[in-house]
Each structure stands twice: as C-alpha cells, then as structure tokens.
Amino acid sequence: MDVTTILETLNPAQQEAVVSDRKHLLVLAGAGSGKTRVLVHRITWKVQVENIAPHAILAVTFTNKAAREMRERIDRLLGFSLKGMWVGTFHGLAHRLLKLHWRDAELDENFQILDSDDQLRFIKRIMKNLNLDEQRWPPRQAQWWINAQKDEGIRASHIQSTDDPYIKTMLDVYREYEVTCKRSGVIDFAELLLRSLELWRQNSAVLSHYQQRFKHVLVDEFQDTNAVQYAWLRVLAGKLGEVTAVGDDDQSIYGWRGAKVENIRNFQVHFEETHLVRLEQNYRSTSNILRAANAVIQRNAGRLGKKLWTDAGDGEAVALYAAHNEHDEARYITDRINNWLSDGNRRDEIAILYRSNRISRVLEGALLQADIPFRVYGGQRFYERIEIKNTLAYLRLIVDRCNDSAYERVVNFPPRGIGDRTLESIRQEARKQDSSLWEAALAMTSGGRLSGRASNAVEGFAELINSMSEDLTDATLANFAETAIQKSGLKDFYRREKGEVGLSRVENLEELVAACRNFYPDEEERSELLQFLDQVSLDAGDRRVEDGEDAVQLMTLHSAKGLEFPLVFMVALEENIFPSKMSLDEPGRLEEERRLAYVGITRAKKKLFISYAENRSMYGAGSGSYNPISRFIREIPAGVLEEVRLRSAITRPTSLGSRGLQSDEGEGTGFYLGQQVNHQVYGEGVILNFEGNGPRARVHVKFAGVGMKILILSSARLSPT
DNA sequence: AAGGCAAATGTTTTT
DNA sequence: CATTTGCCTT
C-alpha cells in the first residue's frame, strides 16, 4: 500500500493529524468529524510509511464495541492481521497485563472479575457483618463511594481516618472490602486499572519492558479518561513514548463516574511537544442541526474551542413541539414517525433519545399502540441477566471451586434445601479457617458438623459440581454449557416459571449456548472455558447492532454517544428532567448536562425533533408536575427552530413567552430562571423553577442557608436583587 | 426453607 | 405505576 491510499480519502485536517511527526498529538475531534478514521489511518501510516512494528503500538478505547471496530478497520486497511499490536479497552488491556504478571501484582493465578452486581452483594454482606444499619448507610452509596475512591487511585490506606462519621463508616467498609476481595481472589473493574497502574509503579522491570515495547500509544475518547486511566497512560508513555489522544471535550458526559474533562484540557501541559489538530468539518448533519449544536455548547466556559461546520446544505429546521403532556408528546412522535415511514424510509433510521430511562415508558406504550416496531436499549445487558449469571456461576465454580461469589450465588439455586442458616454457618467456618466456602463446607460435612438434612443437601451440591466437572473433558464448550444448564436444574426451574418471563429466560439460556458455539479462543495455553469466562466478565454482551432488524431505537442520551441517525427525536426537554434536577445546583454538572444536549443534537443527520411537555406525570397517572421548558431549548437560536403547534394554546400559554425563544423568563411572572431574589424572611436566593400558572403559580427558590423553598408567587413578595 | 404479601423506591452507566 | 425489597407467615 502506498502513501496516497492512506491519505486520499482524508480532508486536510485529518491528513495533518495522520502524518503528524511531533512527539505527541492531540486531536480535538468534533462530533461526526471522522475521529475513528483518523486513528485508524494514523496507525496504518505508522506501520506502512514509518515502518513502525505493529508490536510497538498500543491502542486503547473505552468500549468493546469501539475496540472491535478499530481492530476490524485496521485489519482491513492494513491488509494483514494486527501482529502483536495491542488493541483493546482500558479494562481489557489491564486484565491482560494482570494475567501475565499475576504474581508481581500479588493476585491469585485464577483471579476473577467482580461485576458491579456481585460487588454490591459483597458490600451488603460486609456491612451486615459490621452491624451497619442499611437505612442509615445504603450499601449502594458505599459501593459508589468505594468506586469513586478507586477511580481516583485512592486506597483505603491512603485515607486519614477522621471524626466525620460518614467518612469513618465508608472507610471501614472500604478496608473490609479490600480484605474480602483479596481473600476471595476477585477484583472489581476499578481494581483492574488501579492494580495494573500500581504494578507498573512498583515494578520497574515490568514497566520498562512495556515502555520499551510500546513506543506508540493511541487513545480514543480521551475526554472520558478518569484519574487512574490518565496516570496509567502517563506512566506507560514515560519520557520516550509517543502519545496520540483523540477526543472531544464537548462530549465529556461521564464526569459523574470519575471521568475528568481536565485530562483533555491539560494534555498539552503534561505532554510537551504536542501537536494540536482540530477536526471541525462534520460529515454527518445538516447546517441547521450544527448551528443548534454550536449555539448550545457555546454557553459552556473553559472549552478548548471548536466550531463544527459542514458542506451540506441548511436542511430542514429543527422542529420544536410543545406537548400538552407526555401522552400528547408520544402521540406527536408516532405521527411523525408514520409520516417518515410512509415516505419510504426505514424504522432503524429513527432514534428517540431521552435523559432518563423512565421517560421511555409512555413512548413504548404509544409505539406499541401505533404498531411501530421498536427496541429499547440500555437497561439490562445480556450477561447481566440473572439466568445468565446463574449459569455462569456454575461454570465458574466448575473451573474454580474456591470462587466464593459463584458459590453463594448457586449453592441454593435452584432451591435445594440449603437455607440462610446453613449458609451462614459455612461462611463463619470459612472465615475462621480463612478458606473458601467450598472448602469450609467440605470440612463441615465430613466432620459431621451439620444437621443431617443440611449436610445431605450441601454434600449433594458438591457432588453435583464435581460430576458436572467430569463432563468437561472432551466436550465442546457449547455442549458442555448445555449439559450444565440441564444438570444444574436451571433449565427445569425456569421452564416451570410461569408467564413470559420464564419463557424468555429459557430462550436466553439457549442464546448463551449459541454464544459458546460462536466463541473462538485466541490463546493456546488456557482452556476454552477459562477464556470464555474472562471474555464474558469484560464484555457485557451489548447486542445493540443485533440482527439488523428494522426497528425504531429508544435509548438514553448517554448510550447514544457515538451513534448517528437520519431522524432523531429528543424528548422531555424540561427543566428538572433535562437538565436533570440533580445537576442544577452545581455549575460543573450543569455544563455536563449541556454537553449531553450537544451530544444529542449532533446525533441527527437530517432531521431533529425536540419536544417537551407542559405537564408531565412523574409515575403513571398522578397529577404531574409543571416543569419549565428546558434552558437548552432557549439556547438554540430562533432562526433554526421551527415551533410546531397543532392546536391553539388553550390550556397554557407557551412557555416560550411572547418575546420568543431567547427569553429565560417564567412566563408572565416578571421573574426568570436563575434570577437572584430577595425574600423578607429567607433572605437572598436564586430561582430554580416555576410551577403552575395564574394565581396559583409557585416558584422554587434556593435560599442561602435555608435551602430550597416553594413559594406562592403572588404572596411571596419576592424582589429582584 | 419457601412462598406470599405489604412497603419502599425510583439519573445518566463504556468496564 | 411498576418493579424490587424485606418481612412475615406457613
């Protein structure tokens, strides 16, 4: 392959990025500007033109899907397989490292990955043992806290104990959690990253091996890196490694999970001699859509700055629909969808995007009613389903009897007469002799220390696992899984379960067998089953691209990142919903919400519909709440917006107000959102929300010191400050 | 130990 | 409203 083939399909900015020979490279790639393309072509360039060995390249992404895609595209462009190039997710690569250096990393050889579900179970157990009140200290919160620490690279031992009861309690749980994980030979997602970072930091021989090897490090979606991932990259790059980072600070939407936009903003500070390239030409959307996106994101402070443009024409205006309520909104959407379809378009070109999953419910109902096939993404993923996890637990136990979380999950599932009391005594024994549950159970049954019935049941379980284990020899993975599902009693259990739920569970079990059949191991030494289990822990089995069925796609704005659709509906653009109520006080979080709006708008290729409901019921039928129109709608210039009104405004004047789209006003009140006001009793505050209208209109005001108050506007006698 | 009923509880989620 | 959770009964 010659130079021109790599470059000819690229625009000048893309070419500049691909051939850059400064030490480091930061590519600020706007939505739809061809970032993956640049990454793939740059790798090809290095191999084909600069004669860099594939062996010396490490490319890292966040999702398995992105990693797969990158691998395929490099393969295709390069014309030969990756040959020792490391391409994978942060977690996948970290896992690989830890597998190779398990001894140096002080891990069990067969360490297992703890998914967030199992992690929560662990933490619940620990908190129970510590006699912590679940009401006062919700385990989810502890899980959140621990993960947040780990994402920052903070170990329990790094934290100073304080008098603060919250920190004290969390720290106790964290400490105990570390011990439990170690004893059980499991590591959680955050631990994969942190442990591999520590491995490098503490073991210079291992580190220098990888520094010698990976002279070229490339990172996708750089704006989503957290503190540990960033440190990981810096350590690996060392003084000599060359780093290419591709990302978009405007699309950083995972701050709440520890991602640091600062990482991309500071890149040029920490990585000297950086060449900065902006990709601003967008190949996805019409001008009108981009104008809307640019105008919204422009409101954020501290951006690296970037303005998308396109060769494409203006296209249609962005449509805005003010719905009476969520049902009206849903009906409007199904009507538009039917129009689109009757023009001969496909359903899978359509996406409906929302801030939070609960919004989808009414839409699902409407689509069902309108007979429009759809698929809701997000929510449960394949390998997270309970029936799948149970099956996998059997498989894990067969591979490793000492896997306590697997043991706990299935000792008594399907029910076989091993209750809480029995299990608790086994747990105690395990803790006493510092062994696995399996070993403790064995000791107790052979020592006759369990009642006859319990003893028989526990023994029976052990025999079951042992006998399943024998089936492993010379069966194919799929056949083995099938027998396991059979013998464990899972199949019978779910078959007997009534309703559609049971049916779909049996189907999922069959699908798992199919997944086994389609699995191709890539290592020689380790057994197929071991490799399968590892892959499954790291890949949730997101089946988004599934069978290419022609269905409308419903998903959250978060899960829409990276996707594009000719026709996009952004729904429920109301204050407190989008932007979400939780993000309203902190400016940083509000900016993240705005980025989310930017992500949403830029998903649309041809036509974007935005809608909001003047009244939205929280759950089901209640009277519902009046949320003001989302500020993000106001931030879209009037020129690209076209307000659709199907009926005359009877119930409520449009929240846009007579002064048009630019106003930030709570209609007819004389006040506006975010305004500083004074109250005779509460003092100074800021207006966060309007509710209702007419004489009953109320305002939500957050007062300094006093907190949030809801006041009747007509009697509160607020004055502007 | 297992099943049934009332009460609690509801952002976003790459791995 | 709809789903999950924990308590209570058998």
Side-chain angles (χ1 to χ4, degrees), chain A residues 60-68 88-95 113-117 119 124 134-135 138-140 143-144 147 150-151 187-193 220-221 223-226 228-229 251-259 326 353-362 364-365 377-381 383-384 386 412-423 451 453-454 457 501 534-542 544 555-563 572 576-584 589 592-593 595-597 599-600 617-622 624:
Chain A
V60 58
T61 63
F62 278 85
T63 66
N64 289 297
K65 193 175 150 225
R68 266 194 298 273
T89 63
F90 275 104
H91 292 86
L93 298 182
H95 180 249
I113 295 162
L114 196 68
D115 69 24
S116 39
D117 228 55
Q119 185 185 38
K124 273 189 180 155
E134 291 211 357
Q135 295 299 312
R140 277 187 184 287
Q143 181 186 24
W144 181 270
N147 286 334
K150 289 194 169 197
D151 284 345
I187 71 179
D188 59 47
F189 288 129
E191 186 75 28
L192 281 168
L193 302 171
D220 194 15
E221 303 278 17
Q223 76 283 351
D224 289 333
T225 50
N226 67 26
V228 170
Q229 287 158 338
Q251 291 189 67
S252 162
I253 55 175
Y254 286 105
W256 51 275
R257 268 187 96 210
E326 70 273 20
L353 310 181
Y354 35 78
R355 177 63 237 260
S356 80
N357 283 310
R358 66 159 206 249
I359 302 290
S360 74
R361 212 165 238 138
V362 175
E364 288 173 48
Y377 293 105
Q380 275 243 309
R381 274 184 297 263
Y383 291 123
E384 275 167 14
I386 192 88
N412 197 34
F413 195 90
R416 48 174 71 88
I418 302 169
D420 247 4
R421 279 233 316 265
T422 313
L423 192 53
S451 75
R453 226 170 55 180
V501 199
D534 278 344
Q535 195 224 254
V536 155
S537 321
L538 288 165
D539 187 342
D542 198 347
R544 178 164 299 167
M555 66 187 85
T556 62
L557 288 155
H558 282 90
S559 36
K561 196 175 79 163
L563 306 177
N576 297 325
I577 292 182
F578 186 33
S580 147
K581 190 148 122 208
M582 325 295 248
S583 309
L584 282 177
R589 306 207 50 192
E592 183 157 310
E593 296 278 313
R595 282 181 233 126
L596 202 49
V599 167
S617 317
M618 285 298 245
Y619 302 106

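Below, all heavy atoms of this structure are taken into account, side chains as well, without hydrogens, waters or symmetry copies. Quantities reported herein were computed from a predicted structural model and do not represent experimental measurements. Reminder, nothing fancy here: chain letters follow the sequence lines and each chain counts from 1.
- The C1' atoms of C/dG6 and B/dT11 are separated by 25 Å, rounded to the nearest whole Å.
- For A/Arg140, the CZ atom sits in a loose shell: 12 or fewer heavy atoms of surrounding residues, nucleotides or ligands are nearer than 6.0 Å.
- Checked against B/dA1, B/dT11, B/dT13, the side chain of A/Thr422 finds its nearest nucleotide in B/dA1.
- As judged by a 4.0 angstrom heavy-atom cut-off over every strand, A/Ile418 is placed among residues touching the sugar-phosphate backbone only.
- Residue A/Asn226 places no side-chain N or O under 4.0 Å from the OP1 or OP2 atom of B/dT15.
- A/Ser580 comes within 4.0 angstrom of a nucleotide base, judged by non-hydrogen atoms across all strands.
- With its glycosidic angle within 90° of 0, B/dT11 is assigned syn.
- Note on ring orientation: taking the six-membered ring where Trp is involved, the planes of A/Trp144 and A/Trp256 are parallel (angle under 30°, cut-offs 30° and 60°).
- Rounded to whole Å, the distance from CD1 on A/Ile577 to C1' on B/dG10 is 13 Å.
- Residues A/Arg595 and A/Glu592 are paired through a salt bridge, judged by an N-O separation under 4.0 Å between the basic side chain and the carboxylate.
- Counting heavy atoms from C-beta on, the side chains of A/Gln229 and A/Leu193 come closer than 4.5 Å.
- Between the CG atom of A/Leu596 and the C1' atom of B/dT13 there is a distance of 12 Å, rounded to whole Å.
- Between A/Glu326 and A/Arg361 there is no salt bridge, since no side-chain nitrogen of the basic residue lies less than 4.0 Å from a carboxylate oxygen of the acidic one.
- Within the structure, every side-chain polar atom (N or O) of A/Ser617 is placed at least 4.0 Å from both OP1 and OP2 of C/dC1.
- Contacts of A/Asp224 with the nucleic acid, taken as non-hydrogen atoms under 4.0 Å apart, include base atoms.
- A donor atom on one side chain and an acceptor atom on the other are found under 3.5 Å apart for A/Gln119 and A/Gln143.
- Rounded to a whole Å, the OH atom of A/Tyr377 is 19 Å from the C1' atom of B/dT12.
- Across all strands, A/Ser537 comes closer than 4.0 Å to no nucleic acid atom at all (heavy-atom distances).
- In this structure, the side chains of A/Leu557 and A/Ile253 stay at 4.5 Å or more apart for every pair of heavy atoms.
- Note on A/Glu593: a base of the nucleic acid sits closer than 4.0 angstrom, heavy atoms only.
- Across all strands, A/Asn412 comes closer than 4.0 Å only to sugar-phosphate atoms, never to a base (heavy-atom distances).
- Positionally, the nearest nucleotide of DNA chain B for A/Arg421 lies more toward the 5' end than for the other of A/Arg421 and A/Glu384.
- The CZ atom of A/Arg589 sits 14 Å away from the P atom of B/dT13 (whole-angstrom rounding).
- Remark: P of B/dT11 and CD1 of A/Ile359 are 11 Å apart, rounded to the nearest angstrom.
- Residue contacts for A/Tyr254: at a heavy-atom cut-off of 4.0 Å it reaches a base atom on one of the strands shown.
- Whole-Å rounding puts the A/Asn357 CG to B/dT11 C1' distance at 9 Å.
- In this structure, A/Asp539 CG and A/Asp534 CG are separated by 12.5 Å, a value rounded to the nearest 0.5 Å.
- In this structure, CG of A/Asp115 is placed 10 Å from C1' of B/dT15, rounded to the nearest angstrom.
- Mapped onto DNA chain B by nearest heavy atom, A/Ser356 and A/Pro415 fall at different nucleotides, with A/Pro415 at the one closer to the 5' end.
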### Message
For a quick check, with a 4.0 angstrom heavy-atom cut-off, what is the B/S/- contact string for nucleotides 3-10 of chain C, read 5' to 3'?
### Response
---S----

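- Regarding contacts with the backbone of B/dT11, every side-chain N or O of A/Ser583 stays at 4.0 angstrom or more from both OP1 and OP2.
- Following rounding to the nearest Å, A/Glu592 (CD) and B/dT11 (C1') show an atom-to-atom distance of 12 Å.
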